[in-house]
Amino acid sequence: KQWYQRRVAITAGNLKQLVKEGRFLSAVNMLTEILNSSEMSPNTMNLWTLRFTLLIKLKLYSTAEVEMAMFGNLDNCDLYYEFYHKEYPSKKGSIIPWSFRLLWSILPLHCPSSGGLYGAL
């Protein structure tokens, strides 16, 4: 067994492979690098959904809680297609995937002290 983490190129294929191999912490680390250099978009929201799924699977609830707080009550103007009207001229509504909303709603079960964060539930 390797006791070090080998560096792999940051690609969607490698991210998928890390998840497939069950190397969830490595996938979270790769997502950190990807998301730090990404602007908000529907595709980025899918990556955030994967990140929160992995954080919860790894029981890194406090990290998930802190990061989830960045999204507020999921109603910020940059979380709607209308904010990106040049890129998505015919789309309306939220760019937040349903699975992200589900993760957002179950996180307080793991972080009971964060009840105030999720008052909109």
Side-chain angles (χ1 to χ4, degrees):
K1 188 173 185 175
Q2 292 181 338
W3 294 102
Y4 61 92
Q5 182 178 1
R6 65 184 169 101
R7 183 84 172 145
V8 295
I10 299 173
T11 65
N14 285 339
L15 177 61
K16 189 175 183 178
Q17 188 64 33
L18 289 173
V19 172
K20 184 178 177 181
E21 292 173 0
R23 297 174 57 198
F24 303 135
L25 188 55
S26 294
V28 166
N29 291 335
M30 184 178 286
L31 282 163
T32 299
E33 294 189 43
I34 293 170
L35 291 167
N36 282 340
S37 62
S38 299
E39 293 185 19
M40 192 62 68
S41 73
N43 291 333
T44 306
M45 287 310 306
N46 288 328
L47 293 174
W48 277 109
T49 302
L50 174 58
R51 180 173 173 81
F52 287 120
T53 300
L54 295 173
L55 288 172
I56 290 170
K57 183 163 186 66
L58 291 167
K59 299 181 180 182
L60 297 172
Y61 305 123
S62 58
T63 301
E65 178 184 26
V66 168
E67 293 184 15
M68 190 70 78
M70 296 184 312
F71 293 94
N73 65 358
L74 305 183
D75 202 30
N76 301 341
C77 63
D78 65 338
L79 299 177
Y80 285 87
Y81 282 106
E82 291 86 348
F83 189 82
Y84 308 97
H85 61 279
K86 290 182 181 177
E87 294 90 348
Y88 306 98
S90 62
K91 290 198 169 201
K92 295 190 184 298
S94 178
I95 66 170
I96 304 285
W98 175 250
S99 52
F100 185 98
R101 291 179 182 279
L102 184 60
L103 292 168
W104 184 84
S105 69
I106 65 164
L107 190 56
L109 298 173
H110 302 289
C111 302
S113 63
S114 68
L117 249 175
Y118 304 96
L121 286 178

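FYI, side chains are in, hydrogens and waters are out, and symmetry mates aren't considered; it's all heavy atoms of this structure. Remember, it's a predicted structure, so these values are computed and weren't measured experimentally. One-based numbering along the sequence shown.
- A distance of 9.5 Å separates CG of Leu54 from CG of Leu25, quoted to the nearest 0.5 Å.
- For the pair Asn14 (side chain) and Ile10 (backbone), a donor-acceptor distance under 3.5 Å is absent.
- Qualifying side-chain hydrogen bond (donor to acceptor under 3.5 Å, both in side chains) partners for Tyr81, counting only residues two or more places apart in sequence or in other chains: none.
- The hydrophobic clustering, which links ILVMFWY residues whose side-chain heavy atoms are closer than 4.5 Å, places Leu58 and Leu109 together.
- Counting heavy atoms from C-beta on, the side chains of Lys16 and Thr11 never come closer than 4.5 Å.
- Taking the six-membered ring for Trp, Phe52 and Trp104 have ring centres at least 6.0 Å apart.
- A salt bridge links Arg51 to Glu67: one of the charged nitrogens lies within less than 4.0 Å of a carboxylate oxygen.
- Annotation: side chain of Val19 is in contact with side chain of Phe24 (closest heavy-atom distance under 4.5 Å).
- In this structure, the side chains of Phe71 and Met45 come closer than 4.5 Å at one or more pairs of heavy atoms.
- Remark: the Tyr84 side chain and the Asp78 side chain contain no N/O donor-acceptor pair separated by less than 3.5 Å.
- Between atom CG of residue Leu79 and atom CD1 of residue Ile96 there is a gap of 4.0 Å, rounded to the nearest 0.5 Å.
- To the nearest 0.5 Å, atoms CZ (Arg23) and CD (Gln17) are separated by 9.0 Å.
- Among all heavy-atom pairs drawn from Asn46 and Pro97, the shortest one is OD1-CG, 3.5 Å.
- For the atom pair CG (Leu55) and CH2 (Trp48), the distance works out to 9.0 Å, reported to the nearest 0.5 Å.
- Residues passing the salt bridge (charged side-chain N to carboxylate O under 4.0 Å, His left out) test with Glu87: none are found, sequence neighbours excluded.
- Cluster membership for Phe100 and Met70, using ILVMFWY side-chain heavy atoms within less than 4.5 angstrom, is shared.
- Taking each heavy atom of Pro42 and Ile95 in turn, the nearest pair found is CG-CG2, 3.9 Å.
- Within the 3.5 Å criterion, the main-chain N or O of Glu39 finds a donor-acceptor partner in the side chain of Thr44.
- Of all non-hydrogen atoms in Tyr80 and Ser94, the two that sit nearest each other are CD2-N, 3.6 Å.
- Here the closest non-hydrogen pair linking Leu103 and Thr49 is CD1-O, 3.5 Å.
- With hydrogens and angles disregarded, no donor-acceptor distance shorter than 3.5 Å links the side chain of Glu65 to the backbone of Leu107.
- Separation of atoms NE2 (His110) and CD1 (Ile56) is listed at 6.0 Å; rounding is to 0.5 Å.
- By the 4.5 Å heavy-atom criterion applied to side chains, Leu47 and Leu15 are counted as neighbours.
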